[in-house]
Enquirer: 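Pasting a structure here, questions to come.
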Protein chains: 2
Amino acid sequence: MAETGTTTPRERYRAQVRAEIKQRAWEQIATAGASGLSLNAIAKQMGLSGPALYRYFAGRDELITELIRDAYRSLADAFRAASAAGAGLAGLARTLRAWALDDPQRYFLVYGTPVPGYHAPDDVTALASEIMASLLDASAEAPSDGPAAPFAAQLEGLGRQWADGHPAPPAALRRALAFWTRLHGVLSLELAGHFTGMGFDPAHLFTAELTTLTDPSDPSDAIDPPGGPDRSG
Amino acid sequence: MAETGTTTPRERYRAQVRAEIKQRAWEQIATAGASGLSLNAIAKQMGLSGPALYRYFAGRDELITELIRDAYRSLADAFRAASAAGAGLAGLARTLRAWALDDPQRYFLVYGTPVPGYHAPDDVTALASEIMASLLDASAEAPSDGPAAPFAAQLEGLGRQWADGHPAPPAALRRALAFWTRLHGVLSLELAGHFTGMGFDPAHLFTAELTTLTDPSDPSDAIDPPGGPDRSG
DNA sequence: TTGCGTTCGTTAGAAGTTGTAACGCACAGC
DNA sequence: GCTGTGCGTTACAACTTCTAACGAACGCAA
């Protein structure tokens with residue numbers, strides 16, 4: 001079953017050790033955050049000396065970059081799978097939230113505080129584009145008629161730039177952007193613990209914000225219920 | 001003008017050195033992030049030996065906690081000043097964005113990736129409540145009639161919990177929450193550089209999201225323009 | 001099966017970090 | 001002017017990342 005292809009024993013061993021290093025790194029990150037990741041501690045856990053790990057990763061930065069890459073790939077895969085299963089914007093939102101709650105620090109590795117000097121390698125930005133492409137696919141499903149809004153008009157033809165030349169109308173771009181920023185806004189604050197002790201269920205806030213995206217004219221969870229004050233006067 | 005009160009020369013000197021340490025720390029954080037903060041480097045910059053700083057801060061953690069405290073206080077002050085100047089939700093949004101852009105790492109110190117083990121001291125949560133109070137003040141200004149939405153209904157009487165017993169109606173709580181999460185969503189992604197190279201102005205996206213808060217029924221930047229598809233069929 | 005070469009893990013060490021301990025000096029207040 | 005508190009020092013321990021040099025083990029090929 002394990003059709004590993006033409007890999008030498010050394011390559012297999014190397015891949016296995018690299019995988020174990022990354023797994024231990026994930027465990028460490030989950031409990032101490034990315035800044036608390038220690039190569040030496042990982043080596044000790046594996047019964048190795050510190051410098052041994054440098055045979056597998058050039059250094060701490062490369063390991064973290066690899067973890068970021070895996071995190072992006074994981075989210076991109078989840079989105080692609082959801083898309084393939086026919087999930088719409090709501091399905092993607094559920095996928096995103098489940099992915100985030102599954103490992104909050106993994107979410108923060110992708111969308112959290114950036115290191116000022118760090119610049120993501122090209123393949124990572126490619127994965128980001130793939131994620132955006134799945135999002136645009138789902139955003140384009142819902143029909144968009146009516147005149148283009150001022151900001152949306154600014155988005156004309158930007159799909160080519162974002163996601164592998166995705167040809168999406170401005171309204172879809174606007175919707176995808178709102179999906180991203182609003183759900184990230186709720187999720188990141190929830191995962192950071194800023195809602196603890198506030199007495200409401202973050203999941204409800206998440207779905208309420210989702211509703212503003214999938215059903216913009218649905219008043220059920222709008223900011224202002226219908227029949228508000230007459231603003232024309 | 002400088003009514004320092006009854007402070008001994010030693011106290012004044014101590015306060016001055018502490019202030020200089022914090023200032024250098026802010027500079028370091030701005031260029032290398034919070035994880036790149038080094039007490040030794042600060043000491044060298046000030047012409048001191050490493051352990052000298054431990055007379056002023058118990059350790060790295062206490063210094064960072066103090067910086068977080070200052071960051072919270074800074075935002076709370078900015079919000080209070082804006083509120084006192086009669087700023088509404090839009091004014092608070094402008095204040096927030098200017099405060100964030102002024103020092104992105106300071107923003108991330110407050111709303112960025114949390115350290116798993118860290119728990120904020122009580123006075124910091126009190127400042128968070130004060131920020132929330134300013135937000136609720138502005139949120140309560142706009143009248144809210146109509147039936148309470150499902151999620152908003154869950155927020156009944158929660159103002160007492162959030163912000164110094166602030167008596168706000170559910171709709172105001174809902175609005176404040178949306179203000180917080182939506183603007184944070186846009187701001188944090190912008191500051192993290194996730195919009196770079198996408199070809200649109202993050203400021204426009206910010207104001208577009210703000211419009212959904214201050215003018216929920218304004219179609220100008222809504223997700224779906226008016227006259228959308230008939231969803232009842 | 002017998003080499004040979006790549007790869008791996010080791011120890012040693014440099015340069016950095018946080019943080020503690022002990023010492024001396026200088027300053028402020030009495 | 002004396003005295004004690006507070007400050008800065010050096011020395012040190014324990015940790016980190018990361019390099020260098022060495023030896024052993026392993027796979028492959030003849």
Side-chain angles (χ1 to χ4, degrees), chain A residues 2 4-29 31-68 109 115-118, chain B residues 4-68 109 115-118:
Chain A
T4 51
T6 61
T7 59
T8 68
R10 280 222 148 113
E11 282 172 346
R12 263 175 295 170
Y13 178 74
R14 183 178 179 79
Q16 189 179 340
V17 173
R18 273 179 69 101
E20 183 175 350
I21 292 173
K22 290 204 282 187
Q23 181 204 327
R24 309 254 185 185
W26 279 117
E27 294 168 4
Q28 260 192 22
I29 284 182
T31 62
S35 62
L37 192 150
S38 161
L39 290 195
N40 253 329
I42 293 175
K44 275 182 193 166
Q45 278 185 353
M46 294 176 66
L48 293 176
S49 265
L53 295 199
Y54 288 81
R55 297 279 176 196
Y56 301 94
F57 293 95
R60 218 184 88 111
D61 283 2
E62 192 187 288
L63 174 56
I64 291 187
T65 297
E66 184 72 21
L67 296 179
I68 293 175
L109 224 48
V115 176
Y118 179 80
Chain B
T4 51
T6 60
T7 60
T8 69
R10 281 224 149 112
E11 282 173 346
R12 263 175 296 171
Y13 178 74
R14 183 176 178 79
Q16 190 179 339
V17 175
R18 273 179 69 100
E20 183 176 350
I21 292 173
K22 290 204 282 186
Q23 182 203 327
R24 309 254 186 186
W26 278 118
E27 293 167 5
Q28 260 192 21
I29 284 182
T31 63
S35 61
L37 192 150
S38 161
L39 290 194
N40 253 328
I42 293 175
K44 274 182 192 165
Q45 278 184 353
M46 294 176 66
L48 293 175
S49 263
L53 295 199
Y54 287 81
R55 296 279 177 197
Y56 300 95
F57 293 95
R60 218 184 88 111
D61 284 2
E62 192 187 288
L63 175 55
I64 291 186
T65 297
E66 184 72 20
L67 297 178
I68 293 175
L109 223 48
V115 176
Y118 180 80

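Each chain gets a letter, A, B and so on, in the order its sequence line appears, and its residues count up from 1. Computation of the quantities below employed the complete heavy-atom set of this structure, encompassing side-chain atoms and omitting hydrogens, waters and symmetry-equivalent molecules.
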Enquirer: Both R10(B) and G47(B) contact DNA chain D. Which one's nearest nucleotide lies toward the 5' end?
Expert: R10(B)
Enquirer: Atom CZ of R60(B) to atom C1' of dG16(C): distance rounded to whole Å?
Expert: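 After rounding, the gap between these two atoms is 13 Å.
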Enquirer: dA28(C) C1' sits how many Å from R12(B) CZ, rounded?
Expert: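 One finds 11 Å between C1' of dA28(C) and CZ of R12(B), rounded.
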Enquirer: Among the nucleotides dA12(C), dA22(C), dG9(C), which one has an atom lying closest to any side-chain atom of R55(B)?
Expert: dA22(C)
Enquirer: Table please: side-chain donor-acceptor pairs of residues 36-62 of chain A below 3.5 Å, with sequence neighbours left out.
Expert:
{"unit_1": "S38(A)", "atom_1": "OG", "unit_2": "N40(A)", "atom_2": "N", "d": "3.4"}
{"unit_1": "S38(A)", "atom_1": "OG", "unit_2": "A41(A)", "atom_2": "N", "d": "3.1"}
{"unit_1": "R60(A)", "atom_1": "NH1", "unit_2": "L37(A)", "atom_2": "O", "d": "2.5"}

Enquirer: Rounded to whole Å, how long is the line connecting atom CG of L48(A) with atom P of dT7(C)?
Expert: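 So the two atoms are 18 Å apart, to the nearest Å.
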Enquirer: Could you say whether G50(A) or A41(B) is positioned toward the 5' end of DNA chain C, judged by the nucleotide with the nearest heavy atom to each?
Expert: G50(A)
Enquirer: Distance check needed: dT11(C) P versus L53(A) CG, whole Å only.
Expert: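 Taking CG of L53(A) and P of dT11(C), I get 14 Å after rounding.
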Enquirer: Does F57(B) reach a base, just sugar-phosphate, or nothing at all? Heavy atoms under 4.0 Å.
Expert: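 Nothing: the residue F57(B), judged by heavy atoms under 4.0 Å, touches no strand.
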Enquirer: Under 4.0 Å between a side-chain N/O of T8(B) and OP1 or OP2 of dA28(C), yes or no?
Expert: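 No, no such contact exists.
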Enquirer: What is the separation between atom CZ on R18(A) and atom C1' on dC8(C), rounded to the nearest whole Å?
Expert: 15 Å
Enquirer: Below 4.0 angstrom from OP1 or OP2 of dT7(C), is there any side-chain N or O of Y13(A)?
Expert: no
Enquirer: At under 4.0 Å, does any side-chain N or O of N40(B) touch on OP1 or OP2 of dG16(C)?
Expert: no
Enquirer: What closest approach, in Å, do A25(A) and L67(A) show between heavy atoms, and which atom pair accounts for it?
Expert: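 Closest approach of A25(A) to L67(A): CB-CD1, 3.8 Å.
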Enquirer: Could you give the CD-to-P distance, from Q16(A) to dC8(C), as a whole number of Å?
Expert: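 Checked: the CD to P distance equals 13 Å.
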Enquirer: Send over the distance from I42(B) CD1 to dT17(C) C1', rounded to a whole Å.
Expert: 13 Å
Enquirer: Mind checking the CZ-OG1 spacing from R14(A) to T7(A)? Nearest 0.5 Å is all I need.
Expert: 13.5 Å
Enquirer: Which heavy atom in G33(A) sits nearest to a heavy atom in P116(B), and how many Å separate them?
Expert: N-CG, 3.5 Å
Enquirer: Contact boundaries of DNA chain D with chain B (under 4.0 Å, heavy atoms), 5' to 3'?
Expert: dT5(D) to dA11(D)
Enquirer: Select from A58(A) and S49(B) the residue whose nearest nucleotide in DNA chain D is closer to the 5' end of that strand.
Expert: S49(B)
Enquirer: Could you state the atom-to-atom distance from CD of E20(A) to P of dG9(C) in whole Å?
Expert: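 Interatomic distance, CD of E20(A) to P of dG9(C): 11 Å.
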Enquirer: Judged by modelled atom types alone, do Q16(A) and E20(A) share a side-chain donor-acceptor pair under 3.5 Å?
Expert: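 Looking only at side-chain atoms, E20(A) and Q16(A) do not form any donor-acceptor pair under 3.5 Å.
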Enquirer: Report yes if at least one side-chain N or O of Y54(A) is closer than 4.0 Å to OP1 or OP2 of dT7(C); otherwise report no.
Expert: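 No, outside the criterion.
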